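Input: a single structure, listed below in structure tokens.
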Protein chains: 2
Amino acid sequence: MTSFGQYLRQLRETRHAAAQAADVGRYTLRSVAANAGLEPSYLSKIERDIQPPPSEAKVRALAEALGEDADVLLALAGKVSGDLLEAIRKRPQLFAHIIRELKDMPDHAVLRIVREVRDGQW
Amino acid sequence: MTSFGQYLRQLRETRHAAAQAADVGRYTLRSVAANAGLEPSYLSKIERDIQPPPSEAKVRALAEALGEDADVLLALAGKVSGDLLEAIRKRPQLFAHIIRELKDMPDHAVLRIVREVRDGQW
DNA sequence: CAGAGCGTGTAGTACACACTACACACCATG
DNA sequence: CATGGTGTGTAGTGTGTACTACACGCTCTG
């Protein structure tokens with residue numbers, strides 16, 4: 001399993017290389033830290049898994065700065081997005097039930113449900 | 001909104017009265033605390049909302065001791081069950097998507113989906 | 001070879017979390 | 001009137017969370 005730090009560093013280095021090739025946009029540790037609003041040394045430690053992942057807000061800021069999906073990054077950070085938690089807390093039994101039903105199903109089955117729901121014949 | 005503490009106390013007092021009427025089983029603060037594995041004074045403070053809700057494990061133990069649904073009690077405690085979090089973290093985008101789709105739907109619509117899923121033609 | 005820019009090391013902070021231990025005051029009962 | 005059981009008050013503890021501030025050493029460029 002890739003750790004949060006490993007993933008973050010790899011992601012940044014990929015962006016860095018791509019930005020070199022292209023033109024603008026810098027993906028140095030310092031500039032990413034600045035864009036995401038945290039101290040460079042802090043980010044350095046996070047990327048090397050010396051510090052645990054930061055708060056949800058900072059993870060979101062990092063996702064934004066690196067062009068990555070926030071939910072994915074949050075998951076790697078061992079967290080779940082606050083708005084999802086809120087939704088579950090509002091109707092705990094309902095959501096507990098449905099999540100437990102779906103958790104052992106293969107992706108394609110769940111995806112099919114998602115699509116059915118979105119197409120909205122409910 | 002009923003607080004966690006208020007709810008807990010009310011629940012315990014209800015059980016207490018019922019147990020009086022019936023026969024066995026004690027629902028004093030001390031005995032519930034003992035059954036759930038925490039200090040009486042701690043539970044006392046929790047029931048009066050002087051202390052914040054305890055850890056997930058303790059909330060579960062309280063639910064067990066009081067015959068209440070753990071997910072409901074956890075929700076009142078502002079928490080979400082760890083197994084649900086784990087399921088979401090394993091497939092963050094998938095579950096984020098489906099929860100966000102469902103969160104604004106009325107109960108009956110969600111329930112219908114739950115049933116369809118359980119009846120398993122997926 | 002000075003200076004900019006890069007990543008990193010060390011130190012420390014403020015606060016919340018999750019509790020325990022023990023003493024106390026009250027009430028009813030034998 | 002002492003004893004058992006009830007809820008509560010006070011105090012303190014260890015651990016994690018979530019960071020900041022600042023200094024250091026390396027490398028590349030002008």
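Within every chain, numbering begins at 1; the chains are lettered A, B, ... in the order of the sequence lines, protein sequences first and strands thereafter. Everything numeric in this text was worked out from a predicted model, so none of it was measured.
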Exercise for the section: Using a cut-off of strictly less than 4.0 Å, decide whether R12(B) has a side-chain nitrogen or oxygen near OP1 or OP2 of dT6(D). Expected result: no
Practice task
Could you check whether K58(B) gets within reach of a base, just the sugar-phosphate, or nothing at all, counting any heavy atom under 4.0 Å?
Solution key: sugar-phosphate
Exercise for the section: Identify, with sequence neighbours excluded, every residue that meets side-chain contact (heavy atoms from CB on, under 4.5 Å) alongside D104(A). Expected result: none
Fill in the blank from the handout: E39(B) atom CD is separated from dG9(D) atom P, nearest whole Å, by 16 Å
Fill in the blank from the handout: Which of dT20(D), dA18(D), dG7(D) is nearest the side chain of K79(A)? It is dA18(D)
Exercise for the section: Answer whether the closest heavy-atom distance between the side chains of D71(B) and F95(A) falls below 4.5 Å. Expected result: no
Problem - For atom CG of L43(B) and atom C1' of dT8(D), their distance in whole Å - result: 12 Å
Practice task
Please work out if S41(B) contacts a base, only the sugar-phosphate, or nothing of the nucleic acid, heavy-atom cut-off 4.0 Å.
Solution key: base
Fill in the blank from the handout: Across all chains, not counting sequence neighbours, the salt bridge (Lys or Arg N to Asp or Glu O under 4.0 Å) partners of R60(A) are E56(A)
Exercise for the section: Report the C-alpha distance between I46(A) and L62(A) in whole Å, list the side-chain angles of each, state the deciding distance to 0.1 Å, and finish with yes or no for side chain to side chain contact (heavy atoms under 4.5 Å, CB included). Expected result: CA-CA 12 Å; I46(A) 290 167; L62(A) 285 168; 5.6 Å; no
Practice task
Report yes if at least one side-chain N or O of R48(B) is closer than 4.0 Å to OP1 or OP2 of dG9(D); otherwise report no.
Solution key: yes
Exercise for the section: Applying side chain to side chain contact (heavy atoms under 4.5 Å, CB included) between Y27(A) and each of L66(A), T14(A), N35(A), report the one that passes. Expected result: L66(A)
Exercise for the section: Find the distance between CD (E64(B)) and CG (L73(B)) and round it off to the nearest 0.5 Å. Expected result: 12.0 Å
Fill in the blank from the handout: Rounded to whole Å, the OH-P distance (Y42(A) to dC19(D)) equals 5 Å
Practice task
Could you state the atom-to-atom distance from CD of Q51(A) to C1' of dG16(D) in whole Å?
Solution key: 11 Å
Handout entry: Separation of atom CZ in R9(B) from atom P in dT6(D), rounded to whole Å
Key = 14 Å
Practice task
Let me know the distance between CZ of R30(B) and P of dT8(D), rounded to the nearest Å.
Solution key: 10 Å
Handout entry: Distance, rounded to the nearest Å, where I50(B) contributes CD1 and dT8(D) contributes C1'
Key = 8 Å
Handout entry: Contact boundaries on DNA chain C for chain B, cut-off under 4.0 Å to non-hydrogen atoms
Key = dA18(C) to dC22(C)
Practice task
With rounding to the nearest 0.5 Å, note down the distance linking CG in L85(A) to NZ in K90(A).
Solution key: 12.0 Å
